[in-house]
Every structure is written in structure tokens, then in C-alpha cells.
Amino acid sequence: MKKHLISVRDLTEEDVLDLYDLFKQFKTGKKERLEGDVFLLFLESSTRTRLSFERACRLLGLQTYHAGAGESSIEKGESFSDTIKTLKALGFKALVFRVPFVFFPYEDLLKEEISLINAGDGTHQHPTQGLIDLFTAMEYYPSIEGLKIVYVGDILHSRVFRSGAYLFNLFGAQLGVCGPRTLIPKDLSPFGVIKVFDNVEEAIEWSDLVIWLRLQEERFKESYIPSKESYFLQFGLTKDRYAKLKGYFMHPGPVNVWVDIDGEVLYGDKSLVLKQVENGLYVRMAVLYWALKDG
Ligand code: CP
């Protein structure tokens, strides 16, 4: 039976450690070859996730096929479930999908002999980005146990936060969030958040690692902030705040420069932004290999 990666909540600590081991092996040159065809269905735009999945497939010997928005029969009303059955009938081994809706598969769908790998579904999950953020933190900090991590920005719409929070909790981190109250979920109990900051200076003072998130304006149903300028002044990573960081900062990308982060500090010594991108390739190799090696 092939494996799926739909939500990080389906991963045990042992699964994550197996994936971390594979990630490190691929990063240090492990060569493995798999056979088969992978369909990359990206109904939302992407640069780093799509290209790193595509490169990861090719480095593993897997053939890739791609369709973007408007390029599949989903536009003609075909359901996502029927699309999966169609791909299976065509002989695909895996579907990597990025979609604007939350994906809750029927149990029967998971029994299809095709691996389903989530590359971001609505505001729900982005499992490989969560793994990237965890593994990058594991590389740069001696331990995740007790590490104080604050997510800053648009927590409400963030599948990156929903994925990372679960994984960081699994390894004993302490989590905080900071942002406009309009962009923080009312109920934070499912995410193990122990601190909510209205003031980003206090969040920086408390934390060992800060993860800035993008304002996801494409998902805004109302006006959550007065202006991008006021948001940057209140919550963005300015030069002054950069100087006060005790450790590193991350951002999953794409970065809205001068809204999330000052362009002059984006790639400074305390930035792990490009390390996250680099690690994305090896995380996706690890996930594809883990999912498909026994298939
Ligand atoms: N972090 C992330 O998902 O980036 P892309 O939208 O470019 O894939």
C-alpha cells in the first residue's frame, strides 16, 4: 500500500524522525531511483513548492506531468475524487496537489493505489512546508525541546502555521503568535499556543526563533487591516526589530517585501529564508521516497 501525506496530524514522531533521516541523507548526496509517473496539479500559484517537487521527482527518476488552474477537467465540473480515480486509471503513481479548498478525503479514496501528497490545501495544511520549517530549525538550534517560537502575521489564513504548530509541538517547542487580533483565530487551543502577543517587540524579546507569515490577501473576505503601511510599522520585520532578534527568523515565502519584512534585512545573517527554500528540495525528495518506495 502506498503512503499519503495529507495532513501533518497523520504523522507520528517516528514518521517525522524517519523523514528527517531521509532528508539528511538526500541532502548529503544519497542516490535513489524510483520508477513511475507523478502528476503535479497546482490549481493555485506556486514557485518554490512546485519547482522543488518537480526537481525532487526528476532526481529520483520519476516522470512529471503538470497542470495549472484552467488546465484540467476540474474546470468542467469534474470532482477532485473523480480526478484521482482518473489518474489511477491512467497509471499515475502519485498526485501532488495544491488546491484552494480544504481536502478531506473519503476513506475509500485513500485505498486507491495512488499516493496523495498535499502541497497546500486552502487554509488547512501545507505539510511539506511544516517539515521544512521543523528540519531547518533542527539544523540551526541544538534542540527543539523548550525552543520559544513565535509566528507573526496572518495566522488566521495560514496553512503553514497549522502544519508547523503541530510538528513543533510534537518535539516540545513553546509556541506564541503575534499579529492583528483580526488575523488570529479565536480558538488557539488546537494549536498548542501558550502566548498571544499584541506587541511584536514583546514577541521578539520572548522568542528564540520568529517565523513571519505573508498577509494572504487572496483569502481576505473583509478588510482585516487599515493599510499595508500601518501593518508593516506595527508587525513587520523592520531594521530595528531585526537588530533585537535573539536568534534566527524564517518566512515560508513568497515574501511581500516592505509589508512582511524590510528588503534590506530579508537576506541578512539572521535570515533562514533561503535555507528553507534549499531544504525544500530535500524534504520533498524524502517525502516522495517515503511515500513511494514500497509501491
Ligand atoms: N512556501 C510556499 O508554499 O511557496 P510557493 O507558494 O512559492 O510554493
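Just so you know, ligand 1 is whichever comes first in the structure, and atom 1 is the first atom listed for that ligand.
- Within ligand 1, the atoms closer than 4.0 Å to a non-hydrogen atom of Thr49 are 2 (C), 3 (O), 4 (O), 5 (P), 8 (O), numbered from 1 in the order shown.
- Remark: ligand 1 atoms within the under-4.0 Å shell around heavy atoms of Thr47 are 5 (P), 7 (O), 8 (O).
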Show me the donor-acceptor pairs within less than 3.5 Å that the side chains of residues 32-42 make with the rest of the protein, sequence neighbours left out.
residue	atom	partner	partner atom	Å
Glu32	OE1	Tyr289	OH	3.4
Glu32	OE2	Lys30	NZ	3.1
Arg33	NH1	Leu59	O	3.4

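- The ligand atoms of ligand 1 that sit less than 4.0 angstrom from a heavy atom of Gly253 are 1 (N), 2 (C), 4 (O).
- For CD of Glu218, the number of neighbouring non-hydrogen atoms (other residues, nucleotides, ligands) closer than 6.0 Å is greater than 12.
- Aromatic ring centroids of Phe80 and Phe101 lie under 6.0 Å apart.
- Residue-to-ligand polar distances keep Arg50 apart from ligand 1: every N/O pair is separated by 3.5 Å or more.
- Residue His126 approaches ligand 1 through these ligand atoms, each under 4.0 Å from one of its heavy atoms: 2 (C), 3 (O).
- When hydrogens are left out, the protein atom nearest atom 6 (O) of ligand 1 is Arg98 NH1, 2.9 Å; that is the closest non-hydrogen contact.
- Centroid-to-centroid, the aromatic rings of Phe92 and Tyr65 come within less than 6.0 Å.
- Taking the six-membered ring for Trp and the full ring otherwise, Tyr248 and Tyr140 have centroids separated by under 6.0 Å.
- The local environment of NZ in Lys275 is sparse, with at most 12 non-hydrogen atoms from other residues, nucleotides or ligands closer than 6.0 Å.
- Looking only at heavy atoms of the protein, atom 4 (O) of ligand 1 is closest to Arg48 NE, 3.0 Å.
- In terms of polar-atom proximity, defined here as any N/O pair under 3.5 Å, Pro252 does make such a contact with ligand 1.
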